[in-house]
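The model shown is predicted, which means the values in this text are computed figures rather than measured ones. Worth knowing before you read on, the calculation uses all heavy atoms, side chains too, and leaves out hydrogens, waters and symmetry mates. Order of listing sets the numbers, starting from 1, for every ligand and every atom in it. Just so you know, residue 1 is the first one in the sequence shown, and it goes up from there.
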Amino acid sequence: MEDRYYITTPIYYPNGEPHLGHVYTTLCADVLARYHRWCGRRTWFLTGTDEHGIKMVKTASEKGIEPKQLADQNVAVFESLWRELKVTHDDFIRTSSDRHKAGVTRIVHQMLDRGDIYRGSYEGWYDEGQEEFVTESNAKEADYKSVVSGRPLVRYKEPTYFFRLTRYVPQVIQAIESDQIKVRPESRKNEVLSKLKQGVEDLSISRATLKWGVPLPNDPDHVLYVWIDALSNYITALDYPDGDKYKTFWPVDNHLIGKEILWFHAVYWPAMLMSLGQPLPRMVFAHGWWTAEGKKMSKSIGNFIDVQKLRAVVGTYSLDALRYYLLRAAPFGSDLDWKDAELTNAYSELGNVVGNLLNRTLNMLSKYREGRIPAPGQATSEADQSLRRQIDTLAGELACAYEGVELQKCALLPVELARSANAYIDATRPFSLAKNPSEAEALNTVLNLCAQACKRILSALLPVLPEKAESGLRQLGVVVQGQTLQSLLSEDLPSGHLVSRAEVLFPRIEVK
Ligand code: ME8
């Protein structure tokens, strides 16, 4: 792997406040960014907001304000939430910013020069009351009537510019099939390929009826509509095409997104990049969709996981516990369901497994060896060897899990090692060994191995539980600053190393 890493989230619509879905993608990207930084790679982590388009215009007009004002209000909420959640993004791009608009204008110019944009007309079902086109499938579902007013939809035709998507389809299929662009999970790659093979039309990219957007440089009566504007953020934020950031960080290592926008990222975006003659994304990873307590999140049902609820979770359980719960909830890529009971269980698991192991280890070291890690004994039992093997294989397994973006596994692997180490303590009974001076060597082995296990487990958890893991490592007498994950995961604590007193990492919570 190279010594640099670029990861993005979707740019979110600021037509409302952020919610669980936005927080999930952003925190998952944060885990990946932290991991790659810990590996010593120069890392760039981008997020932002997608501020143009009909959604924004409509919500703003309902509120009696301008779209820009609506965007400013909600962007402030997104930005302050990311600060509260200690997200380590390096940049936040707004599509209403001058740097983005200048970048997109340049991109459209290049596509025009390539002959990839042409004028035509767009025909579809139109809701006159709502002043918007309705897709064929939505129109059919609503019996060709407005879902708002119930009035019949009308056929409407308006001039629009098209992007020659069809020109690039064979190359896009090739890039996905060959894994030049890794579309993940694999099952979704197959979905995209089969849809592509059914045939695709050129893409309508402008609207003459909309004012809130980036004007087309060749025809300022039109503004860019949705995808060219939004997808370009991934490179305009790097100062495409001449900026140092672009030269350093493009192509992106992972566009992390929700599954509902995979088609645009796996098909439109690579085709746009081909038109620009630029390298393609290395991976597009589409994660699953959250429901809450078994149902689609909805304000009226009362199961909507909004900013207030997330703040309360952080206040009760800690930010790291929220991160762990989100990662643990399902294999990465699958759909997920928020359950308050599982959040409590995930927190207890951290306390009973990881916290408990650290506590037992530090207490035993303090009680039996004055807080110093003893050299292991000469003879080793089957149990010692088995734990030692597990300690030594963690680094490799973790690297594989991160490489494959198996985030649930990234969170669980260290916890599983902690579970094994606790079972090892139960089986080797150090409290009995301590009573018998002839077992001093055996006790040394147990204490040493437990300390090594704690160091590996907490180090492996640094990207997932940044605060708790660092605090645990501090108790073990390990200073993480200036170290890489590789050194933390491969080097044993030396004999004679002094640890601190145990402090509780995951205090018990009285659930009201
Ligand atoms: O689609 N479960 O913005 P958006 C999981 N602006 N993830 C969810 C989710 C849920 N229930 N709800 C939202 C847009 N997300 C466009 C993107 S990118 C060039 C333009 C997350 O505000 C998930 O990452 O609707 C999803 O892709 C994104 O929020 C959609 O955010």
Check: [X] ring centre within less than 6.0 Å of [Y] ring centre:
X: H36; Y: Y402; value: no
X: F332; Y: F285; value: yes
X: W338; Y: Y325; value: yes
X: W44; Y: Y5; value: no

Test item, [X] contacting ligand 1 (heavy atom, 4.0 angstrom):
X: W269; result: no
X: K259; result: no
X: P14; result: no
X: Y24; result: no

Can you tell me which residue and heavy atom of the protein come closest to [atom], and the distance to 0.1 Å?
atom: atom 13 (C) of ligand 1; value: H19 CE1, 3.7 Å
atom: atom 7 (N) of ligand 1; value: H287 CE1, 3.3 Å
atom: atom 29 (O) of ligand 1; value: H22 CD2, 3.4 Å

Does an N or O anywhere in [X] fall below 3.5 Å from an N or O of ligand 1?
X: N233; answer: no
X: A230; answer: no
X: E260; answer: yes
X: T25; answer: yes

Looking only at non-hydrogen atoms, which of [options] approaches [atom] most closely?
atom: atom 15 (N) of ligand 1; options: G21, G258, P10; value: G21
atom: atom 2 (N) of ligand 1; options: Y234, W290, Y268, F78; value: W290
atom: atom 4 (P) of ligand 1; options: Y13, W338, F264; value: Y13
atom: atom 17 (C) of ligand 1; options: I11, D229, V23; value: I11

Which value, rounded to the nearest 0.5 Å, describes the distance between [X] atom [atom1] and [Y] atom [atom2]?
X: Y225; Y: F133; atom1: OH; atom2: CZ; result: 9.0 Å
X: D127; Y: L153; atom1: CG; atom2: CG; result: 5.5 Å
X: E51; Y: N15; atom1: CD; atom2: CG; result: 11.0 Å
X: T8; Y: L256; atom1: OG1; atom2: CG; result: 7.5 Å

Numbered atoms of ligand 1 (with element) below 4.0 Å of G288, judged on heavy atoms
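Atoms satisfying the 4.0 Å criterion: 5 (C).
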
Contact atoms of ligand 1, heavy-atom distance to D50 under 4.0 Å:
6 (N), 16 (C), 20 (C)

Between F162 and Y118, what is the ring plane arrangement, given parallel below 30°, perpendicular above 60°, and tilted in between?
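Rings of F162 and Y118: parallel, under 30°.
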
How are the rings of Y268 and W263 set to each other: parallel, tilted or perpendicular (split at 30° and 60°)?
perpendicular

Reference residue H22; test ring pair (Phe, Tyr, Trp, His ring centres under 6.0 Å); the match among F78, W290, W82
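Testing each of F78, W290, W82 against H22, the sole residue satisfying ring pair (Phe, Tyr, Trp, His ring centres under 6.0 Å) is F78.
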
